2 protein chains.
Amino acid sequence: MGNIHDIARMAGVSAATVSRVLNNYPYVKEEKRKAVLEAAERLRYVKNINAVHLSLGKTKIIGVILPFVSHPYFGVILSGIASAAEKSDYKLMITQSNYQVSQEIEALDMLKRKQVDGVIIVSRECPVDIVKDYSEYGQIVLCEALADPGLSSVFVDQYKAFQAALSFLKKKGHQKVGYTLLRTEGKSSLARKQAYEEQYGKAKRGWVFNQALTIDDGIRIAGEWAGLSERPEAMVITNDFVAAGFLLQCRRLGFSVPEDAALIGFDNHPIAGALGITTIELPLHLLGETAFQQVISPNNSHEEVPFRLIERDSV
Amino acid sequence: MGNIHDIARMAGVSAATVSRVLNNYPYVKEEKRKAVLEAAERLRYVKNINAVHLSLGKTKIIGVILPFVSHPYFGVILSGIASAAEKSDYKLMITQSNYQVSQEIEALDMLKRKQVDGVIIVSRECPVDIVKDYSEYGQIVLCEALADPGLSSVFVDQYKAFQAALSFLKKKGHQKVGYTLLRTEGKSSLARKQAYEEQYGKAKRGWVFNQALTIDDGIRIAGEWAGLSERPEAMVITNDFVAAGFLLQCRRLGFSVPEDAALIGFDNHPIAGALGITTIELPLHLLGETAFQQVISPNNSHEEVPFRLIERDSV
DNA sequence: GTAAAGGATGAAACGCGTTTCAGAACAAGT
DNA sequence: ACTTGTTCTGAAACGCGTTTCATCCTTTAC
């Protein structure tokens with residue numbers, strides 16, 4: 001296959017000229033340009049991208065850290081990142097972290113090693129301070145509300161979104177409201193808790209459910225809900241998948257939605273449409289695209305993306 | 001930050017020795033080893049991975065081509081690939097192809113450029129012959145039935161699985177059966193068609209539905225189904241999401257499952273459990289893990305993974 | 001006709017870690 | 001004392017594309 005010097009020899013020019021031709025620089029005589037192109041063709045030349053990366057000191061690769069690739073929530077964000085990346089001719093290196101800090105750190109280390117030009121952290125376990133230490137090596141974008149001037153972020157205001165859901169329930173006359181969280185710690189859970197307490201005061205024991213991510217979690221939580229001596233009559237649920245599981249299990253247990261339990265989910269995934277679940281639509285694809293634009297931008301920024309309540313039949 | 005030569009100078013040894021220490025080679029005097037480690041520490045040295053890649057001629061990166069990252073079917077396979085990759089200390093470069101041949105080719109080109117050591121094609125549009133041309137540059141694994149000795153493959157036997165679904169329906173007394181496909185062309189669609197015709201003869205006009213991938217497709221197809229003058233009373237459906245959409249839309253239109261339409265899906269995604277959909281379980285996570293093992297193996301192989309019928313309430 | 005302004009081109013340095021090869025240093029065996 | 005076998009080490013080559021700098025060749029301008 002050969003390298004750039006073989007082409008140079010064959011075309012009777014220098015390696016510098018070959019490089020110029022291959023990268024479409026001006027100032028190369030037409031005949032030499034042709035000779036180079038022909039030699040490249042004949043040698044079936046292919047650039048060794050690693051040499052390019054080494055030489056340029058950058059790679060046009062962005063690292064993406066996310067806990068689970070198989071969950072639609074993260075999948076849709078990733079999909080948004082991927083479409084934007086494709087348009088800008090970047091490649092994506094993904095790390096499925098399972099919320100393991102060690103995994104997250106290893107992915108961030110790729111920034112140090114110059115393996116990636118920037119990193120998008122879709123969701124994390126690792127403390128922000130540690131993340132910040134890596135910002136000197138390249139752009140880092142977090143998909144969460146963040147004021148830090150040293151990092152970029154793109155987010156839905158969890159507080160406002162949760163508040164909107166609660167207000168909607170209140171408007172519909174619900175006084176006994178519970179909710180679910182993905183993880184107890186974490187900023188967004190805190191924001192939800194705060195929004196809740198402002199509206200309804202401290203939540204009753206057993207009205208806040210944890211580990212809510214998948215359909216199966218929804219099923220499990222519906223069981224827990226049904227077993228409560230005093231049940232909330234409305235639930236604000238992490239995402240539409242959990243809501244779907246909850247709704248279906250409720251029905252199976254002989255309850256009806258929204259009579260026994262009013263539900264409001266998040267995301268507006270097609271499953272919510274199919275099941276008539278009222279939900280707060282989050283523009284996850286857009287969020288991914290925005291994150292990508294930020295990660296290739298030299299400047300830090302913090303962008304909020306909007307949400308929208310979609311009324312269906314579960315409230 | 002400095003490079004290996006700076007360390008060498010600071011530690012009073014040669015770059016070769018530094019490299020030996022950093023890569024844990026034997027035959028380095030303990031005192032020199034220490035001096036190197038200390039210098040590396042003091043300089044906050046970090047390897048430039050691009051130089052390593054250039055030097056070694058390989059990267060421990062595997063490319064993954066898949067049409068949509070946000071669909072659970074592909075997401076689960078990707079997740080399987082990702083967990084296996086992590087265990088073997090490989091990184092993943094993903095390309096969301098949208099079934100665009102140009103995208104697929106571009107991803108394969110990474111193999112030529114030595115950007116990745118191997119490629120896993122989860123699903124493709126591009127002709128196999130073109131794919132084969134790239135096999136000289138590294139391992140390629142396809143997730144589909146394939147006999148080609150120049151490539152590896154891992155697959156569920158679509159023919160047998162579809163046949164199992166059809167036999168089950170027949171056993172339950174269904175004579176009027178329709179089915180859905182993702183794409184009309186493609187080997188797996190052909191296998192399905194063949195299995196169908198052997199069991200039921202040529203399908204009635206309108207009983208084969210295309211473009212079935214998502215919940216929304218299921219909803220759409222249920223509408224088409226309902227509008228048929230002669231309706232099949234049982235459907236074999238591409239995957240559980242489509243089946244879910246179909247089932248929910250059927251109910252909404254006033255039909256009942258399985259009385260008016262018996263359904264059998266594929267994958268055994270939690271959504272099937274939640275909705276009581278009878279399905280053919282496909283070990284997609286395992287399939288991904290297997291694909292990864294194959295792509296890092298120097299030998300080609302063809303591995304079949306098993307499926308299993310899970311009986312629930314939709315038939 | 002000559003100076004100034006481009007246009008065109010190659011040598012060499014740069015980015016940086018790995019590995020081979022030749023040789024030095026030292027322990028063990030006779 | 002001398003051979004043999006290990007253990008260590010460093011110089012140099014290798015993988016390979018990009019870019020700067022100096023230089024030579026043409027035009028255009030006056």
Side-chain angles (χ1 to χ4, degrees), chain A residues 1-37 39-40 43-61 89 109-117 137-138, chain B residues 1-37 39-41 43-61 109-117 137-138:
Chain A
M1 243 179 29
N3 60 30
I4 213 172
H5 297 96
D6 297 326
I7 296 181
R9 204 174 317 119
M10 186 178 264
V13 300
S14 72
T17 297
V18 176
S19 180
R20 287 192 190 99
V21 172
L22 263 25
N23 295 299
N24 284 312
Y25 281 13
Y27 303 144
V28 179
K29 275 248 175 68
E30 198 47 34
E31 65 182 88
K32 301 212 173 189
R33 180 181 300 278
K34 272 196 183 132
V36 166
L37 256 17
L43 288 168
R44 296 179 57 229
Y45 172 73
V46 179
K47 260 191 205 178
N48 182 325
I49 202 82
N50 295 133
V52 178
H53 291 339
L54 173 59
S55 184
L56 295 181
K58 57 180 183 170
T59 57
K60 291 200 116 187
I61 301 175
D89 206 26
D109 278 335
M110 294 197 297
L111 209 50
K112 273 195 190 173
R113 299 185 221 285
K114 298 177 190 290
Q115 183 153 197
V116 298
D117 294 347
Y137 303 105
Chain B
M1 242 181 24
N3 59 29
I4 214 173
H5 297 98
D6 298 327
I7 297 181
R9 203 174 318 120
M10 186 179 264
V13 299
S14 72
T17 298
V18 175
S19 180
R20 288 190 189 99
V21 172
L22 263 25
N23 294 299
N24 284 310
Y25 282 11
Y27 303 143
V28 179
K29 275 248 175 68
E30 197 48 36
E31 66 182 84
K32 299 209 175 189
R33 180 181 302 278
K34 270 195 183 133
V36 167
L37 257 17
E41 183 78 23
L43 288 167
R44 295 178 59 230
Y45 172 73
V46 179
K47 261 192 204 176
N48 182 325
I49 202 83
N50 296 133
V52 178
H53 290 165
L54 173 59
S55 184
L56 296 181
K58 55 180 185 171
T59 57
K60 292 201 114 187
I61 301 175
D109 278 334
M110 294 198 295
L111 209 50
K112 273 195 190 171
R113 297 186 227 282
K114 297 175 189 289
Q115 182 152 199
V116 297
D117 294 347
Y137 302 106

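Protein chains get the first letters and strands the later ones, always in sequence-line order, with residue 1 at the start of each. As the structure is a computational prediction, the values presented were derived from the model and not from experiment.
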Legend entry - Under 4.0 angstrom between A:Lys32 side-chain N/O and C:dA8 OP1 or OP2: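 Answer is no, no contact under 4.0 Å.
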
Legend entry - Presence of A:Tyr27 side-chain N/O under 4.0 Å of C:dG7 phosphate oxygens OP1/OP2: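 Answer yes for this pair, as a side-chain N or O of A:Tyr27 is under 4.0 Å from OP1 or OP2.
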
Calculate the interatomic distance between [X] atom [atom1] and [N] atom [atom2]; express it in whole Å.
| X | N | atom1 | atom2 | answer |
| --- | --- | --- | --- | --- |
| A:His5 | C:dA13 | NE2 | P | 13 Å |
| A:Glu31 | C:dG7 | CD | P | 18 Å |
| B:Lys29 | D:dT6 | NZ | P | 18 Å |
| B:Lys114 | D:dC16 | NZ | C1' | 11 Å |

Check every strand shown and say whether [X] touches a base, only sugar-phosphate, or nothing at a heavy-atom separation below 4.0 Å.
| X | value |
| --- | --- |
| A:Val13 | sugar-phosphate |
| A:Leu54 | base |
| A:Asn50 | nothing |

Legend entry - From A:Val28, A:Asn23, A:Ile4, residue fulfilling side chain to side chain contact (heavy atoms under 4.5 Å, CB included) relative to A:Val18: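 Exactly one candidate clears the test, A:Ile4.
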
Legend entry - Validation row: A:Arg9, A:Asp6 side chains within 4.5 angstrom (heavy atoms):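 Contact flag for A:Arg9/A:Asp6 side chains = yes.
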
Considering only [options], which nucleotide approaches the side chain of [X] most closely?
| X | options | answer |
| --- | --- | --- |
| B:Asn23 | C:dT18, C:dT9, D:dT19 | C:dT18 |
| A:Ser55 | C:dG10, C:dT19, D:dT18 | D:dT18 |
| B:Lys47 | D:dT18, C:dT18, D:dG10 | C:dT18 |

Inset, instruction - Identify, between A:Tyr25 and B:Thr17, the residue whose nearest nucleotide on DNA chain D lies closer to the 5' end. - result: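 Nearer the 5' end of the strand: B:Thr17.
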
Inset, instruction - Mark yes or no for a side-chain to base donor-acceptor pair under 3.5 Å between A:Arg20 and C:dG10, with no hydrogen or angle criteria applied. - result: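 Side chain to base: pair present.
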
Legend entry - Salt-bridge contact A:Arg33-A:Glu30 (side-chain N to carboxylate O under 4.0 Å):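 Result for this pair is yes, salt bridge flagged.
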
